[in-house]
*Asks:* 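Submitted below is the structure of interest, expressed as structure tokens.
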Amino acid sequence: MTREEKLQRASQIIKESKYLVCLLGMRVSYQSGCTNIGEPEDAYDIESRYGYSPEELFSAAFYNTRPSQFYEFYKNEVLSKRGRINEGLKLLGQLEEMGILKSIVTRDIYSLPKRAGCKNVLEIHGSIYRNICPRCRKKYPLKALQERERSGLPYCEKCGSIIRPEIYLKGEMIDNRLLTKAVDEVSSADVLLMLGCSMRSELGSMFTKYFKGEKIILMNDQDHFADGKADLVIDGKAMDLMKGLRTYMVPNS
């Protein structure tokens, strides 16, 4: 099949689905303009500038022991590159509004699907838009954290502790209740839409084993031999493909 024929087939499967769930991979975040600390070239650049690898900088141990250096990295490399909402992401919001897409499971910390209008999003690694004081549990929006950070570290106005982002840092456990909910969603799906991830990516390997449905549609620009287990594989950047899919799903948009 040609790419267009595959997109038409994908639109048919999606329209006929009864419980569509999307696994949204990190490549969608990167291709939307968010920080890409996973690419070797970018990782090397970060390490050369900060003296530590991205894995070290983005860890709970580093946040706890070197908060000033953590926030320097976080402000310059994460908060400054939050990505843009594209037509592919907007389609996910429209599919949810149409009652077709039931939920999204993602490791994205930039809340891209929510910013695109989706409401049923399970952000298993948290979000930069949610921040909390680890001592008194007072919550802060991103704007409040940015304002406090201009004068140094972001301190809680109530108890004086350093505010921390509600995101997963290396070395921490993911919220088990959230994982259980994500597993339940994937288990309930009859169609699984995988965007920007492979069957053997961290997200794919974590959740596809719970899928009991009929069809898996996979859109990604990095091939993996295990992707042959998907029922329909469309090669290319996921958001570019979703923009093409939009023509068949929302003809008058």
*Asks:* Rounded to the nearest 0.5 Å, what's the gap from NZ on K81 to SG on C34? Could you check?
*Replies:*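 So the gap between those two atoms works out to 11.0 Å.
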
*Asks:* Indicate yes or no: at least one non-hydrogen side-chain atom of M239 is less than 4.5 angstrom from one of L195.
*Replies:*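 In contact.
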
*Asks:* When you compare the side chain of R84 with that of L112, does any pair of heavy atoms fall below 4.5 Å?
*Replies:*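 A side-chain contact under 4.5 Å is absent here.
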
*Asks:* Rounded to the nearest 0.5 Å, how far does CG of L145 lie from NZ of K75?
*Replies:*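 K75 atom NZ to L145 atom CG measures 11.0 Å (nearest 0.5 Å).
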
*Asks:* Please step through side-chain hydrogen bond (donor to acceptor under 3.5 Å, both in side chains) for the pair S198 and N220, ending with a clear verdict.
*Replies:* CA-CA 7 Å; S198 72; N220 196 27; 5.2 Å; no

*Asks:* Would you please indicate yes or no on a ring centroid separation below 6.0 angstrom for F70 and F62?
*Replies:*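 Judged by ring-centre distance (under 6.0 Å), F62 and F70 do not meet the cut-off.
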
*Asks:* Would a 4.5 Å heavy-atom cut-off, applied to side chains only, mark D240 and N86 as touching?
*Replies:*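 They are not in side-chain contact.
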
*Asks:* Heavy atoms only: give me the nearest R200-A226 pair and the separation to one decimal.
*Replies:*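 Nearest heavy atoms, R200 then A226: CG-CB, 3.6 Å.
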
*Asks:* Any donor-acceptor pair under 3.5 Å linking the side-chain atoms of S29 with those of D108?
*Replies:*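 Yes - a donor-acceptor pair under 3.5 Å links their side chains.
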
*Asks:* Measure the spacing between CG of L101 and CG of L193 and express it to the nearest 0.5 Å.
*Replies:*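 That separation rounds to 7.5 Å.
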
*Asks:* Any chance you could pull the hydrophobic cluster mates of I216, using side-chain heavy atoms under 4.5 angstrom and chaining through other members?
*Replies:*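 Cluster partners of I216: Y19, V21, L23, V105, L122, I124, Y168, I174, L178, L179, V183, V186, L192, M194, M199, L203, M206, F207, Y210, F211, L218, V233.
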
*Asks:* Are any of the side-chain heavy atoms of Y248 and I14 separated by less than 4.5 Å?
*Replies:*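 Not touching, per the 4.5 Å side-chain cut-off.
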
*Asks:* Charged N to carboxylate O below 4.0 Å: is that the case for E56 and K170?
*Replies:*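 The answer is no: the pair does not qualify as a salt bridge.
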
*Asks:* Any side-chain donor-acceptor pair under 3.5 Å between D221 and Q31?
*Replies:*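 Checked: D221/Q31 side chains pair up, N/O donor to acceptor below 3.5 Å.
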
*Asks:* Does any non-hydrogen side-chain atom of R27 lie less than 4.5 Å from one of K237?
*Replies:*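 SC-SC contact between K237 and R27 ruled out.
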
*Asks:* Salt bridge or not for R107 and E123, using N-O below 4.0 Å?
*Replies:*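 E123 and R107: not salt-bridged.
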
*Asks:* Taking the side chain as everything from C-beta on, heavy atoms only, tell me whether M249 gets closer than 4.5 Å to Q94.
*Replies:*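 No - every pair of side-chain heavy atoms lies 4.5 Å or more apart.
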
*Asks:* NZ of K102: more than 12 outside heavy atoms within 6.0 angstrom?
*Replies:*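 More than 12 heavy atoms, drawn from other residues, nucleotides or ligands, come within 6.0 Å of this atom.
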
*Asks:* When you measure from the centre of the six-membered ring of Y63, is the NZ or CZ of R164 closer than 6.0 Å and no more than 45° off the axis?
*Replies:*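 Checked: cation-pi criterion met.
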
*Asks:* Cluster question for you: counting only ILVMFWY and a side-chain heavy-atom cut-off of under 4.5 Å, with indirect links fine, are V250 and I85 together?
*Replies:*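 Yes, same cluster.
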
*Asks:* I234, L92: one ILVMFWY side-chain cluster at the under-4.5 Å cut-off?
*Replies:*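 Yes.
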
*Asks:* What heavy-atom pair brings P113 and V121 nearest, and what distance separates the two atoms?
*Replies:*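 Here P113 and V121 meet closest at CB-CG2, 3.9 Å.
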
*Asks:* For M1, is the CE atom crowded, meaning more than 12 foreign heavy atoms sit under 6.0 Å from it?
*Replies:*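 Yes, the 6.0 Å shell around CE holds more than 12 heavy atoms from other groups.
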
*Asks:* Ignoring hydrogens and geometry, is there a side-chain-to-backbone donor-acceptor pair from E172 to L169 under 3.5 Å?
*Replies:*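 Yes, because the side chain of E172 sits within donor-acceptor range (under 3.5 Å) of the backbone of L169.
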
*Asks:* Hydrophobic clusters here meaning ILVMFWY residues chained together by side-chain heavy-atom distances under 4.5 Å, can you tell me if Y110 and I167 are in one?
*Replies:*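 Linked within one cluster.
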
*Asks:* How many angstroms lie between atom CD of Q222 and atom CG of D227, to the nearest 0.5 angstrom?
*Replies:*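 Here the rounded value is 10.0 Å.
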
*Asks:* Judged by modelled atom types alone, do S103 and E185 share a side-chain donor-acceptor pair under 3.5 Å?
*Replies:*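 Distance-only check passes for S103 and E185.
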
*Asks:* State, yes or no, whether a side-chain contact exists between K119 and K114 at a heavy-atom distance under 4.5 Å.
*Replies:*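 Counting from C-beta outward, K119 and K114 never come under 4.5 Å.
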
*Asks:* In Å, rounded to the nearest 0.5 Å, how long is the span from OH of Y50 to CG of L57?
*Replies:*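 It comes to 8.0 Å.
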
*Asks:* Using a 6.0 Å cut-off, check whether atom NZ of K18 has over 12 heavy atoms from anything other than its own residue.
*Replies:*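 No, not enclosed.
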
*Asks:* May I ask you to test the I128-R82 pair for a side-chain heavy-atom distance under 4.5 Å?
*Replies:*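 In contact.
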
*Asks:* Quick check on R49: does its CZ atom have over 12 non-hydrogen neighbours (other residues, nucleotides or ligands) under 6.0 Å away?
*Replies:*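 It does: R49 CZ has more than 12 such atoms within range.
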
*Asks:* In Å and rounded to the nearest 0.5 Å, what is the OG to NZ distance from S11 to K6?
*Replies:*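 Taking OG in S11 and NZ in K6, the distance rounds to 14.5 Å.
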
